[in-house]
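Values below: every heavy atom of this structure, side chains too, minus hydrogens, waters and symmetry copies. It should be emphasised that the depicted structure is a prediction, and the values quoted were computed from it without experimental measurement.
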Amino acid sequence: MTKLTNPNAARFNPCLKEQEQSYECLNKNGFDHEKCEKYFDNYNTCKKFWGQVSKDRRAKGIKPYLPDVEEREKIKADYFKKVMGN
């Protein structure tokens, strides 16, 4: 079976990787949600993080509200530096 992909999916969904991992876990584990809880937690954390980034950018008037794919790794790295106090 061929996997259908949307070339713009990553642009619109910064948590595409986490979403796909949770789907894969469900498929591998007979849709037992308990076995995939860590994947759901990771996906939810990702959605909250990028939701906050978008909200902050909107408040500052920065467009696009969701950063381009190329900018995301730097934004995450800057956030972790700030949180870790480095």
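- One finds the CG atom of Asp41 at 11.0 Å from the SG atom of Cys36 (value rounded to the nearest 0.5 Å).
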**Request:** Could you walk me through whether Lys82 and Asp78 pass the side-chain contact (heavy atoms from CB on, under 4.5 Å) test, one step at a time?
**Result:** CA-CA 6 Å; Lys82 184 174 137 183; Asp78 291 346; over 6 Å; no
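- Apart from Phe31 itself, the hydrophobic cluster it occupies contains Leu26, Phe40, where clustering links Ile, Leu, Val, Met, Phe, Trp and Tyr at side-chain heavy-atom distances under 4.5 Å.
- Residues forming a side chain to side chain donor-acceptor pair (under 3.5 Å) with Tyr23 (at least two apart in sequence, or on another chain): Gln19.
- Other residues, nucleotides and ligands place more than 12 heavy atoms under 6.0 Å from the OH atom of Tyr43.
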Could you list the donor-acceptor pairs under 3.5 angstrom formed between side-chain atoms of residues 46-62 and any protein atom two or more places apart in sequence or on another chain?
residue: Gln52; atom: NE2; partner: Asp56; partner atom: OD1; Å: 2.8
residue: Ser54; atom: OG; partner: Trp50; partner atom: O; Å: 3.0
residue: Arg57; atom: NE; partner: Pro64; partner atom: O; Å: 3.0
residue: Arg57; atom: NE; partner: Tyr65; partner atom: O; Å: 3.1
residue: Arg57; atom: NH2; partner: Pro64; partner atom: O; Å: 2.8

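- For the atom pair CD of Gln21 and CD of Glu18, the computed distance is 6.0 Å after rounding to the nearest 0.5 Å.
- Asp68 meets the side chain to side chain donor-acceptor pair (under 3.5 Å) test with no other residue; sequence neighbours excluded.
- Hydrophobic clustering of Ile, Leu, Val, Met, Phe, Trp and Tyr side chains at less than 4.5 Å, counting indirect connections, keeps Ile75 apart from Phe12.
- With sequence neighbours excluded, the residues forming a side chain to side chain contact (heavy atoms under 4.5 Å, CB included) with Lys35 are Asn29, Asp32, listed by chain and number.
- In this structure Glu70 satisfies the side chain to side chain donor-acceptor pair (under 3.5 Å) test with no other residue, sequence neighbours excluded.
- Between Lys17 and Glu20 no salt bridge is recorded (no basic side-chain N to carboxylate O distance below 4.0 Å).
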